[in-house]
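All chains are named by letter (A, B, ...) in the order of the sequence lines, taking the proteins before the strands, and each is independently numbered beginning at 1. As the structure is a computational prediction, the values presented were derived from the model and not from experiment.
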Amino acid sequence: MIIDKAFYLRNDVLQIGQELLGTILHTRVDNKITSGIIVETEAYCGSIDRASHAYPGKLTNRNKIMFEAGGRAYIYLIYGIHYLFNIVTNKSDMADAILIRAVEPVSGVETMMQRRGKNSMERITSGPGILTEAMGIDKSFYGEDLTGNRVWLEYAPGNFEKIQIVKTTRIGVDYAGDDAKLPWRFYIKDNPWISKP
DNA sequence: TAGAGGATTGAT
DNA sequence: TCAATCCTCTAC
């Protein structure tokens, strides 16, 4: 079952960040469908979180999609190299978003290995910058509706009930001072696909 | 309009 | 440990 708009529009980015674990992310690029179970996320809250691009409610040309209503994709380039995929949540003017840091490949594995230039499944989607490459996500997905037919999410019945969620600090946000210590990174306990330093 | 730096990765 | 690499933001 496709995850609908109401899921993303709730005013609780931390709750949504955890509920996304175990759901399935799909993309359709070049008529090829790739899918993966979301196993690692990070929450960013624009109004109170110094690690967020939208702190403190700052609207720029880059992050403006975060101020739209939830259920859209926020894509941006980091270090001039990698695109990162974020899910916008909450109602309009509330700049909350969730970074997808890792997925577990489910289908379209051949396509993902090909895009990553690898011969094995090892580490083809275990990191925010490489899962976008594997799934064909680039800047053209900026603002894409997450209930459309290029990228969408789906509930995986039973998954959420059986997983254990680990809460810890986010990665690469040392510049955010005390907010870098917030336990807003979530991942599935013992899952081999989470990103590793 | 120029300059600094980043929600990362992979090779050394 | 460190370079790659380019877009965005900020200040002049």
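Relative ring orientation between A:Phe7 and A:Tyr155 is described as perpendicular, the plane-to-plane angle rising above 60° on a 0-90° scale split at 30° and 60°.
Under a 3.5 Å cut-off, the side chain of A:Ser195 and the backbone N or O of A:Arg101 do not form any donor-acceptor pair. Using a distance-only test at 3.5 Å, with no hydrogens or angles considered, a donor-acceptor pair links the side chain of A:Arg28 to the main chain of A:Asn149.
With distances taken from any side-chain atom of A:His82 to the nucleotides B:dA7, B:dT9, C:dC9, the minimum falls on B:dT9. Taking only side-chain atoms of A:Ile81, from C-beta outward, the nucleotide of C:dA4, C:dC7, B:dA7 with the closest atom is C:dA4.
Considering every non-hydrogen atom in both A:Ser107 and A:Met112, the closest pair reads O-CE, 3.4 Å. Among all heavy-atom pairs drawn from A:Arg50 and A:Asp179, the shortest one is N-OD2, 2.8 Å.
Under the 4.5 Å side-chain contact rule for hydrophobic residues, A:Val151 and A:Ile2 do not share a cluster.
Under 4.0 angstrom from either OP1 or OP2 of C:dT8 there lies at least one side-chain N or O belonging to A:Lys139. Considering only side-chain N and O atoms, A:Tyr76 lies nowhere under 4.0 angstrom from the phosphate OP1 or OP2 of B:dG6. An OP1 or OP2 oxygen of B:dG10 is reached within less than 4.0 angstrom by a side-chain nitrogen or oxygen of A:Arg116. Of the side-chain N and O atoms in A:Lys58, one or more sit less than 4.0 angstrom from OP1 or OP2 of C:dT10. The phosphate of B:dA7 has neither OP1 nor OP2 within less than 4.0 Å of any side-chain N or O from A:Arg185.
Between the CG atom of A:Leu84 and the C1' atom of C:dT5 there is a distance of 15 Å, given to the nearest Å. In this structure, CG of A:Leu182 is placed 15 Å from P of B:dA7, rounded to the nearest angstrom. Counting to the nearest Å, the C1' atom of B:dT9 and the CD1 atom of A:Ile78 are 12 Å from each other. One can place OH of A:Tyr74 at 11 Å from C1' of C:dC7, the figure rounded to the nearest angstrom. In this entry the distance linking CZ of A:Arg170 with C1' of B:dG6 reads 15 Å, nearest Å. Going from atom CG of A:Leu131 over to atom P of B:dG10 covers 12 Å, rounded to whole Å. As a whole-Å value, the separation of A:Ile194 CD1 from B:dA7 P is 21 Å. Between the NZ atom of A:Lys64 and the C1' atom of C:dT8 there is a distance of 13 Å, rounded to whole Å.
Between A:Glu42 and A:Arg170 there is no salt bridge, since no side-chain N of the basic residue sits under 4.0 Å from a carboxylate O of the acidic one. A salt bridge is absent between A:Arg115 and A:Glu133: the closest approach of a Lys/Arg side-chain nitrogen to an acidic carboxylate oxygen does not fall below 4.0 angstrom.
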Report task. Dot-bracket for DNA chain C, please, read 5' to 3', with Watson-Crick or G-U wobble pairs under 3.5 Å on both distances, ( ) within the strand, [ ] crossing, | other strand, . unpaired. Result -> ||||.||||||.
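By the 6.0 Å contact criterion, CD on A:Glu154 is enclosed, its count of non-hydrogen atoms from other residues, nucleotides or ligands being greater than 12.
Of the residues in residues 123-130 of chain A, those placing a heavy atom less than 4.0 Å from an atom of DNA chain B are A:Arg123, A:Gly127, A:Pro128, A:Gly129, A:Ile130, in numerical order.
Evaluation of A:Tyr44 against the base of B:dA7 yields a stacking contact (centre distance < 5.5 Å, interplanar angle < 30°).
Interatomic distance, CD1 of A:Ile16 versus CD1 of A:Ile87, reported as 9.5 Å (0.5 Å rounding).
Using a 4.0 Å heavy-atom distance criterion, A:Arg62 is classed as a sugar-phosphate-only contact.
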